[in-house]
Amino acid sequence: MTADPYPGYDWLREHDPVCPVDGPHVQGRMWLVTRYDDVRACLADRRLGSGAPVNPDPHPPGLSNLDEPGHARLRRLIAAAFTPAAVSRLRDRTARTCAHAVESFAGRGHADLVAEYTRQIPVAVMHDLLGVPEAERAPAAEVLDMWYRAKFQQPRDEAKLAELLGYVRKLVAYKRAHPGDDLPTRLIESGALTGDELEVMVMTLIGAGHITTIQFLGTTVLRLLGHPGRRAALLGGDIDWSQAINELLRLDSPSHVAEYRYAGEDMTIADARVGEGDVVLLSLAAANRDPDRFPDPDALDLTRDARPHLAFGHGVHTCLGSHLVKLETEIAITTLFDRLPDLTLDIPGDEVDWGYAPTFRGPQALPVTFTPQEPMTSSPLGDTTDRGNLTKR
């Protein structure tokens, strides 16, 4: 269903909008909700909590697994780093990162845009936010890949998750010894988190900060490769970037489902009787293609007002990183197609590999060819990054 889940979502919305399903690490009943109005209402319903354990880890829960008031307390600590004003200060650094990534393959005439571009940018931007030393960035990316795979293996690979936690502990220890202008340093200096809470917060930011953006950037590149006229209108300034990105998020939600919700009492969702303790899985992707909310929902219409799409969720758990995702997308797409305007996908669109994860969807490879470009006369990326080593303190 990963390659094209949308026909299945269409059927469920019409015939079984609150459907009993099986899920990883879940004991008891689980329900999949697919209609827009139901999903949006459930995202804001305080009777559906985020904090009930499914397969508890030996450390405190992260933001997405906390209810109030704990969720609000932790969210306030990092919210300032993701405001529009704070995110705008990352524009120049993100532009240099994108230019540097393009230059690494621009002279070759061919590339895999996922491995060499759309995967590189979110990782670099999140590492900037977290103050990860330059020397540790490639190893960190490898650990993140293991986390991504381990999260969806059944049974879950606890050893690989433990390796990620070990990396996070090294990063936190490094930031204690080498404070900088970064989010972990500010969290440490606030004194508001226990050691375990700080580690979980950093781990949450690492996971949430790059995985969905990688998926979305890859899907957006693929969409625009397939619609050269709309791409030209967007790059030429005839279409508003914010509006276009909202439509792209609606059409290809990178997170297909929200984090698990748990019924705190017996309740009814649509016509389904959900029991106390049942798990409720809310399909953001299905909701965003509900024809009762978005006419002709399977069409890409960059002039559509796609608000309020649910790609970032809704309610108290709305994604904090929405402004950062939009900034990265605008800069990454502009940089790529301005530098390499004749990009051509080397495989038919229906042969794209969409991967294996049931809750995230994005292309796993985008092989392209283009006219090789002469190198830029100067490096687009200045030497502005901490080059320390987490293991040398």
Side-chain angles (χ1 to χ4, degrees), residues 1-55 64-65 67 151-156 212 215 219 249-299 306 308-319 354-362:
M1 188 172 175
T2 307
D4 186 7
Y6 294 104
Y9 291 152
D10 292 343
W11 189 93
L12 287 172
R13 274 195 311 267
E14 182 176 354
H15 300 285
D16 200 359
V18 185
C19 172
V21 294
D22 296 323
H25 318 304
V26 173
Q27 302 294 326
R29 290 197 305 176
M30 184 174 187
W31 304 87
L32 177 65
V33 184
T34 51
R35 287 180 180 167
Y36 178 92
D37 287 343
D38 295 331
V39 170
R40 193 169 192 270
C42 286
L43 286 168
D45 194 327
R46 296 298 181 89
R47 295 175 298 173
L48 292 172
S50 300
V54 173
N55 184 17
S64 60
N65 305 117
D67 294 321
K151 184 176 175 66
F152 297 107
Q153 288 177 351
Q154 296 186 43
R156 189 170 65 174
T212 53
Q215 312 301 333
T219 305
L249 284 162
R250 179 203 67 80
L251 187 66
D252 293 301
S253 305
S255 294
H256 268 223
V257 295
E259 291 284 346
Y260 292 161
R261 299 294 195 272
Y262 307 90
E265 59 186 66
D266 292 345
M267 58 189 299
T268 300
I269 303 176
D271 294 328
R273 293 293 301 165
V274 175
E276 181 179 357
D278 286 359
V279 179
V280 178
L281 196 60
L282 305 173
S283 178
L284 309 176
N288 280 339
R289 292 207 190 185
D290 187 336
D292 289 340
R293 179 61 185 82
F294 302 102
D296 196 11
D298 296 328
H309 65 76
L310 300 177
F312 294 129
H314 174 64
V316 296
H317 285 281
T318 299
C319 177
W354 291 93
Y356 53 85
T359 58
F360 301 110
R361 183 174 185 265

Donor-acceptor contact present, side-chain Arg261 to main-chain Glu259, <3.5 Å: yes
Determine the minimum heavy-atom distance between Leu32 and Ser283, stating which atoms define it. CD1-CB, 4.0 Å
Do Gln215 and Ser255 have side chains that get closer than 4.5 Å, going by heavy atoms? no
Heavy-atom distance under 4.5 Å between the side chains of Pro308 and His314, does that happen here? no
With Asp16 via salt bridge (charged side-chain N to carboxylate O under 4.0 Å, His left out) - residues at least two apart: none
Without swapping roles, check the side chain of Arg293 against the backbone of His309 for a donor-acceptor pair under 3.5 Å. no
Holding to side-chain contact (heavy atoms from CB on, under 4.5 Å), I want the full list of residues that pass it with Ala272, two or more places apart in sequence or in another chain. Val18, Trp31
Check Ala263 against Val274 and note the closest heavy-atom contact, atom names and distance. CB-CG1, 3.9 Å
Contacts satisfying salt bridge (Lys or Arg N to Asp or Glu O under 4.0 Å) that involve residues 273-286 (not counting sequence neighbours) are Arg29-Asp278
Between Gly313 and Thr318, the two heavy atoms sitting closest are C-OG1, 4.1 Å
Listed partners of Ser253 passing side-chain contact (heavy atoms from CB on, under 4.5 Å), at least two apart: Ala285, Asn288, Ala311
What side-chain donor-acceptor pairs closer than 3.5 Å can you find for residues 41-49, not counting sequence neighbours?
from, atom 1, to, atom 2, distance (Å)
Asp45, OD1, Arg47, N, 2.9
Asp45, OD1, Arg47, NE, 3.1
Asp45, OD2, Arg47, NE, 3.3
Asp45, OD2, Arg47, NH2, 2.8

What distance do Asp292 atom CG and Glu14 atom CD have between them, rounded to the nearest 0.5 Å? 10.0 Å
Indicate yes or no: at least one non-hydrogen side-chain atom of Tyr6 is less than 4.5 angstrom from one of Leu251. no
Any residue meeting side-chain hydrogen bond (donor to acceptor under 3.5 Å, both in side chains) with Asp298, in chain and number order, not counting sequence neighbours: Arg289
Given side chains that start at C-beta, do those of Tyr262 and Ser50 come closer than 4.5 Å, heavy atoms only? no
Kindly compute the distance separating CD1 (Ile269) from CG (Leu282), expressed to the nearest 0.5 Å. 7.0 Å
If you look only at pairs with a residue in residues 269-299, which of them pass as a ring pair (Phe, Tyr, Trp, His ring centres under 6.0 Å), with sequence neighbours excluded? Tyr36-Phe294
For Arg13, the salt bridge (charged side-chain N to carboxylate O under 4.0 Å, His left out) test, sequence neighbours excluded, returns Asp10
CZ of Arg40 to CG of Asp38, rounded to nearest 0.5 Å, is 12.5 Å
Intermediate values then yes/no, side chain to side chain contact (heavy atoms under 4.5 Å, CB included), Trp11 and Thr34: CA-CA 10 Å; Trp11 189 93; Thr34 51; over 6 Å; no
Min side-chain heavy-atom separation Val280-Tyr260 under 4.5 Å: no
Shortest non-hydrogen separation from Asp4 to Arg361 and the atoms involved: CA-NH2, 4.1 Å
